[in-house]
Each structure stands twice: as C-alpha cells, then as structure tokens.
There are 2 protein chains.
Amino acid sequence: MSKTIDEIARETGYSRTTVTLVLKGQADRYRISGRTREIIERYVAEHGYVINQTARNLKLRRSHVIGFVVPDLSNAFFARLMAALEVRCRAEGLVLVTTSTSEEPAIEQRALDNLVTRGVDGLVIAPCCPRGDHALPLRKKRLPLVLIDRVFEGDKAIAILSDHFDSARTITREMIEGGAQDIAFLCGNPANPSIQERIRGFEAALAETAGGTGKGRVIAEGADTIDVGIKLVTRLFAEEGVRPQGILCSSLLILKGALHAIKSRYGRIPAGLVIGTFDYDAILEVLPNTVRAIRQDEQQLADAVFDCLLAQMNGQDAGPSRRIIPTTMIRLGEGALESEAPASPAMAAGPASVERR
Amino acid sequence: MSKTIDEIARETGYSRTTVTLVLKGQADRYRISGRTREIIERYVAEHGYVINQTARNLKLRRSHVIGFVVPDLSNAFFARLMAALEVRCRAEGLVLVTTSTSEEPAIEQRALDNLVTRGVDGLVIAPCCPRGDHALPLRKKRLPLVLIDRVFEGDKAIAILSDHFDSARTITREMIEGGAQDIAFLCGNPANPSIQERIRGFEAALAETAGGTGKGRVIAEGADTIDVGIKLVTRLFAEEGVRPQGILCSSLLILKGALHAIKSRYGRIPAGLVIGTFDYDAILEVLPNTVRAIRQDEQQLADAVFDCLLAQMNGQDAGPSRRIIPTTMIRLGEGALESEAPASPAMAAGPASVERR
DNA sequence: CTGAAAGCGCTAACAA
DNA sequence: TTGTTAGCGCTTTCAG
C-alpha cells in the first residue's frame, strides 16, 4: 500500500503543500529548498506514492474519463472505432471506458447510469434504442454527448453518421451494373435506423435503374448474427421464382451466415454470384466472386466524434447536429464486373418452381 | 445538475441520515415515518438524485471496477474474451474497464498505472511484455491480479492459458495426416510466449511423425498483422525448394495476409493447399480447401479468470498458479482429408529454382 | 519557501 | 425515528 500525501508530509515533517509541490515537479517554481526536496523525493522513492485519482476527481469534479457505449464490441466496426477513439483520448490525457450492451436497451440504460454516476466528463453512444427517460439526467448535467453511427427518430443530440443511404445506393447500382439484375438485400436488425437508411438507398437505386431493369427484394428480420444470415437465405430459397444473381448483406455476420447457407445448399459458392456487403474484412479477398464492400471510415468517424466532444467540453461550438462521413467502396474481382453479365442466374434454380424471363 | 444528499437534506429539512435511508430503500427497516419518506421521495422525484460514485468510492475504498488490459481489441479473440468477462462482471455488480495497448509496452505501463491510481478492485492482464518494475505497486497493493493468454518467463502471478503447445501439436499432426507432408508455419509476433509454445508444439508434431515423413519450417517475424502475413508468404516464395503443401498460420490476421499474397501470386487459392490456423472465423467455411482451425474457448477462459479474481478479492484460495484450458479443433472440408493426399505439391512451383523429391 | 484550513459527496458509527 | 460527527485523500486559497 503506497503512502498518501498526508502520510508523507507527516513522516517527513513537512506540510501537505510542500509535499504536493515537489510531487508535482513544481519545486522549482516555488523555490522549495533543494534539501527539502531531496528528503521528500528520497522518501517517495523508497515508500512509493501513487496518486489517488478518486480523491482528486472528487475534489476537481472532473474524472478525465470518457464513456463509450456500444451495442456490440465483437462487431469489428465498433472495435476499430473504439481503438481510434482511445488513441485520441490518450493524446488528450483522457481515459476511454467502453461498455458493450449486446443490443439490449436495459443494459444500455444501466451502462449509462453507471457512467454518469461515475462522473464521466463526456459520453459517446452508439445507441441500440431511442433514448427515453434516461436522457434526462444527461440533460440536467449538460454532459457533453455525441451519438455515433445510429440516430433514432426525434433524437436531438449531436450525431456523427456514415452516409448509409448513399452507400447503399451506390453499392446497389454497382452490383446492377455488374450484371446482377436481381438482388436480394439480406438484412439483420431492421429496427436499426442505419439499416433502414440502407434499405431506402437500396430501393432508390432500384428505382433509378433505367427502364427498371434492376429487380430487388429486401429480406429482413431479427438481430445481426450469423444465424439470422442463415435464416434469411433459407427464406430466400423458400421463395418462388428465380434465384437472385446478387446478394447484398447488411453486415459481415449476415454475409457469413448467408455464405454458409449457400454453401451447404450448393456445396460451393456459385462463382457468378455477385456479393455485396456492408463492412469489409480482408478475408473477402479470397472469394473468387465479384465482391463489393462498403467500408466505414472509423478513423474519420472517431475524429469527428472526438472533436465534437472536445468542443463541448470546452464550451465551444460543437458544430452541426448531424455530420455525415463518407464511406469507401472496396472492389474485389474487378474483372468479373467488366465482362458482360452472364445471361443465366448465378445460382441454379432449386427444387422450387422456376420462372425465367 | 442533480442534487446531493446534503442538499436534499437541507432543502427538505431532514438530516443526511434520514435522506440516505429512504434513498437506499431502507426506510422500512429503520421505520422512517411514511410522511417523512413521502416528502423526501417526492422531492427526489422532482429534482433528481444520482449518487456520486466517486465520493462513495473514496469513502469505501472500493471502486467496483475491474481493469482489463489487452494488447489488441481488434483481435476477435480478445473482443470475445472481453464480452464474456463483462457479462460475469455485470452479474457481480462490477464494471469492466478495458484498455487496448496496441502491443506497446509503454502504453501497457501507462494503462496499468492509470487503472491502479483509479483504484480498480482487480486487474486482468493479457500482457504484451514481461512485467518489470510496474509489478511493484501492484504487489504492494496486493491487488487481485490474473494473467490471461500469455505469460512471460519468470512471472509468478496466477495465469489462465489455453493449451497452446498441445493445440499446435494436434493441428500439425492432422495436417500431416491430411496429406500435407511439408508445412510452413507462418508466425507473427514470435516474441509472444504463446506463439513460442505453438512453435514448440509444431516441432514436436513433426518430430513424432513416423519415419520423419513430415517436413516443416517456421517462418516468423514482426507483429501480428495482415501485412506481416503477406511478407511471410513472400519470404516463403523466395525460398529454394518445393512449395509446401500446407500452411499453418499463427493467427487470423496472418492467414488473411497469407491468403492475399498467395492469391495475388496464383490468381486463386490452390485447392489442394491444406490450411491450418489459430483462431476461427465463420468465413473460413467458404474456402474450398481443407481447413483446420484452433478455437480458444473464450467463455471458459473468462470464467476461469473471473473465478480466480473473485477468489482473490474475497481473500480465498485463488487456485493453482497456472491453469490450462483446452481448445477446440474446427474441421472444414473434411472430405479432402479423407481422400488420399495428392502426390504433387499443392502450389505449383514459382519461378525460383525447384527441387523435387 | 512553508503551513493551515476548508471542503468535494458520501458512509458509518454514535447520540439523542 | 432522526440528527451529528468524523473522516476518505486531494486541491486550493490564504497566511505567514
């Protein structure tokens, strides 16, 4: 157990102030005598001293802690976001405390309460539900707050978002141009407003296709998990009509589930299938297929979040209430896209009845 | 800004104790009069009260916080570990604070200092370097501590580890049985003691092969990143002699890099290549290859860590100083393994000079 | 150059 | 059934 300032003072015979001064390296500024200083330093070197931040925080009413609440840290997007935020925080002498809520409103609620009672200096939330009553204590405290990635209807707080609508529109368009005349958009977590934006973008792209050559359908349900991905493909197979030539997945997890299901059905992934997905992972490169992936710019998102937070903490203008960050399109299997689209559907028709145009 | 207990007491005309009692729901036990209670509750309902944990912690010398220090949270293994730990913590009324150190000893050091000065009640560390001097303050504080996943030579603290040696031996053996007579073990981060264990296991498996039919080489360097994976394959290609029939990768990142490099060399992943890797990701299933993956049991690891931590916090026996948790082998493309091994090397020889046995 | 004192918000005796 | 008191360890005036 290391000593407290009081103990050091008592045991060296100096006062609290003197000890504090040398401990803080301000001995010079206040011209503490070299001897005093040396005695204290020697004592500390021997017995050790670690500052008690709890006491300090209580006194200063500042914790130097930023709270970060995410729905799911095993989602690589949030993990990267966290990493980027942490770097910024560290540079500013702040500590980032992250909690993962498993997309559970109740847990989110408790996490927020917890952070607030611990006196965080700022809060960044990727919410899993609309903020209800628990917004009140935040408001009262005028706690710096920024929302990231998702914003539910009616929420007034400042939010930093990727351009979900436009990403979806662009990727859909590219898939169509690449020969996928019929695309199934497989969505987990349709309650998520960002997913809803993507669905709107998907539909916009279809509507814009000259002559309505692009066909599409949205299959959405449940959570954002591999199992749901499997289920969505099962539902797709159960549908009447032709198999789509492209699948667009709302996340990597959904994609993984979908590919799993497709492979166990066909024994392999049909080479002509055009694959689109939100979130990028390097392993996608091993697929022989044409792949388009939307990658969010976690670095820029984190920077924007942090700048905004810092501004609030310093009482400055925090900027507009919505800030949209562009995404990047990753293109794999480029060649496939440049050649003419295959005339036949990418997936052979299953046992279900088949129509051909 | 919500009220403090003192303010509530003053403004309702009751004392601190009375207010505290009703705030804690102990009104009944101490038989606070219904009227008193109602007045206070009404006041709180109107003005709000959130307990100041900082003050509480200072008084009680207990923070209900567990610190978790990891080298890299974007590594899914650590992310899952964190999630599992968090669940256990929450159930016990504890908060898990995680910091990611990017495998940097200096950052790890600071993170530890930070957590200690903030008065965490316990610490779990997946260290990126041997613990040096900074072990001292911990020791002095007798802070509950458990090491996870890695333990450097000479470290006396309690550690929970996966069975890295045995995993490596088993997976290597299976790869050999599956027809990969010549295996390259591509390793990132060879300074990591767990990786060293794996290398030992790999070599043990080779040595055990009847008649020394299994050949192998270890190519190791740098960090655990995709780029290093690419580099390792480049080094492999630069070597004289036959191409290996199997590659074993020390992590998913290395695998991703390796596959990327192989694909850009051959335009595809040779179907006969036997792939082994530590860490599992569902997307591996889409590979047509024979794949063996070692998956660590994050759940069990987290449970063991937490139990051990709790025991220490309660002053009980914390168990043995090393605890080994078994891993699971994931087998994909089983069929390929059952058929006879192809006679020719999986990868065609590159431009480099070629030997054949 | 050094010391004394007040107080951050809470808890936990102890009194009344 | 309610009130009083003494700190937890630190920072920050204000006085010597």
Side-chain angles (χ1 to χ4, degrees), chain A residues 1-41 43-44 47-65 116-121 137 141, chain B residues 1-41 43-44 47-65 116-121 137 141:
Chain A
M1 203 62 182
S2 66
K3 303 287 180 176
T4 71
I5 289 185
D6 261 21
E7 287 167 340
I8 298 175
R10 191 167 346 108
E11 288 165 35
T12 58
Y14 290 95
S15 80
R16 266 221 273 300
T17 319
T18 311
V19 174
T20 304
L21 257 22
V22 346
L23 244 28
K24 291 207 172 176
Q26 301 197 310
D28 289 346
R29 222 151 65 69
Y30 288 84
R31 297 191 279 168
I32 304 280
S33 73
R35 190 169 147 280
T36 302
R37 177 176 160 172
E38 202 162 279
I39 292 179
I40 294 177
E41 277 174 349
Y43 184 92
V44 167
H47 297 88
Y49 169 71
V50 324
I51 190 174
N52 181 328
Q53 284 289 353
T54 306
R56 186 166 203 272
N57 292 346
L58 178 58
K59 180 68 189 175
L60 299 186
R61 299 142 147 278
R62 216 159 171 312
S63 62
H64 297 273
V65 169
V116 171
T117 64
R118 293 202 131 73
V120 292
D121 292 342
K141 281 214 150 197
Chain B
M1 202 63 183
S2 66
K3 303 288 182 176
T4 72
I5 289 185
D6 261 21
E7 286 167 341
I8 298 175
R10 192 168 343 110
E11 288 165 34
T12 58
Y14 290 96
S15 81
R16 265 223 273 301
T17 319
T18 311
V19 173
T20 303
L21 257 22
V22 347
L23 245 27
K24 291 205 172 176
Q26 302 197 310
D28 287 347
R29 225 150 62 70
Y30 288 83
R31 296 191 281 168
I32 304 280
S33 74
R35 191 170 144 278
T36 301
R37 178 176 159 172
E38 202 162 280
I39 292 179
I40 294 177
E41 277 174 351
Y43 184 91
V44 168
H47 297 89
Y49 170 71
V50 325
I51 190 175
N52 181 328
Q53 284 288 353
T54 306
R56 186 167 202 271
N57 293 346
L58 178 58
K59 179 68 189 177
L60 299 186
R61 300 144 147 277
R62 217 159 169 314
S63 63
H64 297 275
V65 169
V116 171
T117 64
R118 293 202 132 72
V120 292
D121 292 341
K141 281 214 150 196

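Here is the naming used below: chain letters follow the sequence lines, and residue numbers restart at 1 for every chain.
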Roughly, in whole Å, what's the span from [atom1] in [X] to [atom2] in [N]?
{"X": "A:Asp6", "N": "C:dG7", "atom1": "CG", "atom2": "C1'", "answer": "14 Å"}
{"X": "B:Leu21", "N": "D:dT2", "atom1": "CG", "atom2": "P", "answer": "9 Å"}
{"X": "B:Glu7", "N": "C:dG7", "atom1": "CD", "atom2": "C1'", "answer": "14 Å"}
{"X": "A:His64", "N": "D:dT11", "atom1": "NE2", "atom2": "P", "answer": "10 Å"}
{"X": "A:Arg56", "N": "D:dC8", "atom1": "CZ", "atom2": "C1'", "answer": "17 Å"}
{"X": "B:Ile5", "N": "C:dC8", "atom1": "CD1", "atom2": "C1'", "answer": "14 Å"}
{"X": "A:Asn57", "N": "C:dG9", "atom1": "CG", "atom2": "C1'", "answer": "13 Å"}
{"X": "A:Asn52", "N": "D:dG7", "atom1": "CG", "atom2": "C1'", "answer": "14 Å"}

So, is [X] near the phosphate of [N], with a side-chain N or O under 4.0 Å from OP1 or OP2?
{"X": "A:Tyr14", "N": "C:dA4", "answer": "no"}
{"X": "A:Lys59", "N": "C:dA6", "answer": "no"}
{"X": "B:Thr36", "N": "D:dT2", "answer": "yes"}
{"X": "A:Thr4", "N": "D:dG9", "answer": "no"}
{"X": "B:Arg61", "N": "C:dT11", "answer": "no"}
{"X": "A:Thr18", "N": "C:dG3", "answer": "yes"}

Out of curiosity, A:Ile40 CD1 to A:Thr12 OG1, how far, rounded to the nearest 0.5 Å? 5.0 Å
In this structure, OH of B:Tyr49 is separated from CD1 of B:Ile5 (nearest 0.5 Å) by 3.5 Å
Regarding B:Gly13, tell me which of base, sugar-phosphate or nothing describes its non-hydrogen contacts under 4.0 Å with the strands shown. sugar-phosphate
Regarding A:Leu58, tell me which of base, sugar-phosphate or nothing describes its non-hydrogen contacts under 4.0 Å with the strands shown. base
Please check if the side chain of B:Arg118 supplies one atom and the backbone of B:Ser63 the other of a donor-acceptor pair under 3.5 Å. no
Of the candidates C:dA13, D:dT11, D:dC10, the side chain of A:Thr20 sits closest to D:dT11
Which of D:dT12, C:dG3, D:dG3 is nearest the side chain of A:Leu60? It is D:dT12
Is the shortest heavy-atom distance from the side chain of B:Arg10 to the side chain of B:Glu7 under 4.5 Å? yes
Kindly indicate whether the side chain of B:Val19, heavy atoms from C-beta on, has any atom under 4.5 Å from the side chain of B:Tyr43. no
Once hydrogens and angles are ignored, does a donor-acceptor distance under 3.5 Å link the base of D:dT4 to the side chain of B:Arg16? no
